[in-house]
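Worksheet: the structure to be examined is printed underneath.
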Amino acid sequence: LSAARLVLGRFWPLLIGVAATVLGTGGTGLLGAKHDARSSALFIFSAIAVELAAFIVGTTHRVRYAIACGIGVGTIGLAGEWWWNQHAFQPWTKALLPDALILGLITAIGAAVIGTAFAAAIRRESIGMRPAVVTVGFLMVLFSLAWALPRHGSNVRADISLHHIGTSKVVVTAKLDPVDAADHARWFQTMSWQGGGFAVANMKQTQPGVWVSEKAMPIGGKWKTMLRLHRGAEMSAIPVWMPADQAIGAPEIAAVNKTAQFKLETRYLLREQHGGPAWFSLAVLTLLAVIAVLWIGSFILAASKLEAASLPDVVVARAA
């Protein structure tokens with residue numbers, strides 16, 4: 001959006017934001033209708049933030065413009081996305097703060113710096129920023145990606161009791177150890193998928209350490225159902241019901257009362273994963289590292305050349 005404002009001109013970010021929203025939602029839900037899943041971000045509030053930044057600080061001083069765009073997107077844009085997400089199946093919660101605000105600001109400012117430099121390259125004009133500034137913006141985006149990557153299991157245990165509703169649904173009750181394990185969780189819910197639909201039930205605390213699903217969840221057939229606990233980088237789960245899968249040699253996990261520890265949720269989301277030769281994993285990771293180094297190096301080189309290309313213009317201007 002910051003690049004579009006410089007390259008295409010006034011109000012284009014708004015047009016892009018509206019177009020992205022309509023294409024991503026089919027034109028529905030703009031007034032708060034519930035969505036099964038968010039197919040795209042709303043973008044409109046971020047577009048408004050970029051237009052406001054251009055109006056308030058102008059576009060001549062590129063560093064100031066980029067920082068203003070980033071602050072606007074990281075605050076106004078984030079607030080808009082937060083509102084939009086409240087009508088989704090899995091709304092954002094206040095437990096995401098302050099990390100969401102901090103990460104949003106870092107990412108938005110870094111991306112706006114890169115976008116502003118990108119716009120200068122398209123327009124074949126002075127980049128208006130030192131290569132070091134562009135490099136810092138690039139590193140801010142990389143930091144944001146790296147910060148969000150780690151995923152861990154949990155040391156929390158749960159006594160799970162199932163109250164069967166007929167033969168195809170259960171209400172899940174979980175007694176946690178420690179009792180305060182989910183008090184500040186980002187999400188604590190029961191989730192079902194792959195049975196011809198998708199369902200989520202938030203867990204509600206009825207007494208200290210005892211949580212009950214807000215509705216009955218499906219079991220049986222092809223459904224997969226698990227209890228999920230998300231606390232920061234801990235994204236863990238306990239399976240409630242999973243059918244046998246002969247193709248991958250996975251046994252059935254019966255829908256019965258149990259005591260279990262929360263483990264990394266990808267263990268159950270990706271049951272088909274299996275071990276392989278260590279050299280292959282090392283080779284892939286090495287290749288990705290090389291690509292990242294080349295990407296970063298080419299970006300810094302491009303920024304340096306843009307800055308060098310603008311020096312004669314600066315000298316002529318000073319001489320005049």
Show me, pair by pair, the donor-acceptor contacts under 3.5 angstrom made by side chains of residues 160-175, not counting sequence neighbours?
none

[X] versus [Y], closest heavy-atom pair with distance:
{"X": "Ala47", "Y": "Pro13", "answer": "CB-O, 3.2 Å"}
{"X": "Phe45", "Y": "Gly80", "answer": "CD1-CA, 3.5 Å"}
{"X": "Ala255", "Y": "Trp241", "answer": "N-CE3, 3.8 Å"}
{"X": "Phe262", "Y": "Ser236", "answer": "CB-OG, 3.4 Å"}
{"X": "Ala53", "Y": "Cys69", "answer": "CB-N, 3.7 Å"}

Test log, rule side chain to side chain contact (heavy atoms under 4.5 Å, CB included), inputs Ser154 and Arg231
CA-CA 9 Å; Ser154 175; Arg231 306 189 304 174; 3.6 Å; yes
Check whether any side-chain heavy atom of [X] sits under 4.5 Å from a side-chain heavy atom of [Y], and report yes or no.
{"X": "Phe198", "Y": "Met191", "result": "yes"}
{"X": "Leu176", "Y": "Trp211", "result": "yes"}
{"X": "Thr93", "Y": "Trp187", "result": "yes"}
{"X": "Arg5", "Y": "Val50", "result": "yes"}

Given the rule that I, L, V, M, F, W and Y join up when any side-chain heavy atoms are under 4.5 Å apart, are [X] and [Y] in one cluster?
{"X": "Val18", "Y": "Ile16", "result": "no"}
{"X": "Ile71", "Y": "Val141", "result": "yes"}
{"X": "Trp147", "Y": "Leu139", "result": "yes"}
{"X": "Val73", "Y": "Trp83", "result": "no"}
{"X": "Val133", "Y": "Val136", "result": "yes"}

Inter-residue atom distance [X].[atom1] - [Y].[atom2], 0.5 Å rounding:
{"X": "Tyr268", "Y": "Arg228", "atom1": "OH", "atom2": "CZ", "result": "13.5 Å"}
{"X": "Leu227", "Y": "Thr190", "atom1": "CG", "atom2": "OG1", "result": "5.0 Å"}
{"X": "Ile67", "Y": "Arg62", "atom1": "CD1", "atom2": "CZ", "result": "14.0 Å"}
{"X": "Phe43", "Y": "Leu1", "atom1": "CZ", "atom2": "CG", "result": "7.0 Å"}
{"X": "Ile44", "Y": "Leu14", "atom1": "CD1", "atom2": "CG", "result": "8.5 Å"}
{"X": "Met129", "Y": "Thr135", "atom1": "CE", "atom2": "OG1", "result": "10.0 Å"}

Greater than 12 external heavy atoms within 6.0 Å of [X]'s [atom1]:
{"X": "Glu252", "atom1": "CD", "value": "yes"}
{"X": "Arg267", "atom1": "CZ", "value": "no"}
{"X": "Trp12", "atom1": "CH2", "value": "no"}

Where do Ile238 and Glu265 land on the side chain to side chain contact (heavy atoms under 4.5 Å, CB included) test, with the steps shown first?
CA-CA 8 Å; Ile238 295 175; Glu265 69 175 4; over 6 Å; no
Enumerate, atom names and distances included, each donor-acceptor pair closer than 3.5 Å involving a side-chain atom of residues 216-226, sequence neighbours excluded.
unit_1: Thr225; atom_1: OG1; unit_2: Ser192; atom_2: OG; d: 2.7
unit_1: Thr225; atom_1: OG1; unit_2: Pro218; atom_2: O; d: 2.6

Any donor-acceptor pair under 3.5 Å from Glu51 side chain to Phe11 backbone:
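Answer holds: yes.
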Closer than 3.5 angstrom, by distance alone: can the side chain of Gln205 be matched with the main-chain N or O of Gly209 as a donor-acceptor pair?
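Present.
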When you compare the side chains of Gln189 and His230, does any donor N or O come within less than 3.5 Å of an acceptor on the partner?
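Not at all, the side chains of Gln189 and His230 share no donor-acceptor pair under 3.5 Å.
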Given side chain to side chain contact (heavy atoms under 4.5 Å, CB included), test Trp82 with Leu96 step by step and report yes or no.
CA-CA 11 Å; Trp82 200 288; Leu96 292 169; 3.9 Å; yes
By side-chain contact (heavy atoms from CB on, under 4.5 Å) - contacts of Ser281 (at least two apart)
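With sequence neighbours excluded, Ser281 shows a side-chain contact (heavy atoms from CB on, under 4.5 Å) to Leu285, given in chain and number order.
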Once side-chain contact (heavy atoms from CB on, under 4.5 Å) is applied, do any residues pair with Leu78, and if so which ones, sequence neighbours excluded?
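So Leu78 forms a side-chain contact (heavy atoms from CB on, under 4.5 Å) with Trp92, Leu101.
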Set of salt bridge (Lys or Arg N to Asp or Glu O under 4.0 Å) partners for Arg123, sequence neighbours left out
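So Arg123 forms a salt bridge (Lys or Arg N to Asp or Glu O under 4.0 Å) with Glu125.
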Flag the pair Lys258 and Asp159 as a salt bridge only when some basic side-chain nitrogen lies within less than 4.0 angstrom of an acidic carboxylate oxygen.
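Asp159 and Lys258: not salt-bridged.
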Test side chain to side chain contact (heavy atoms under 4.5 Å, CB included) applied to Leu229 and Glu234, step by step:
CA-CA 8 Å; Leu229 176 63; Glu234 291 182 6; 5.5 Å; no
What side-chain donor-acceptor pairs closer than 3.5 Å can you find for residues 105-121, not counting sequence neighbours?
unit_1: Thr107; atom_1: OG1; unit_2: Leu103; atom_2: O; d: 2.7
unit_1: Thr107; atom_1: OG1; unit_2: Ser144; atom_2: OG; d: 2.8
unit_1: Thr116; atom_1: OG1; unit_2: Ala112; atom_2: O; d: 2.7

Between Trp295 and Phe138, is the ring centre distance below 6.0 Å?
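Yes: the rings meet the under 6.0 Å criterion.
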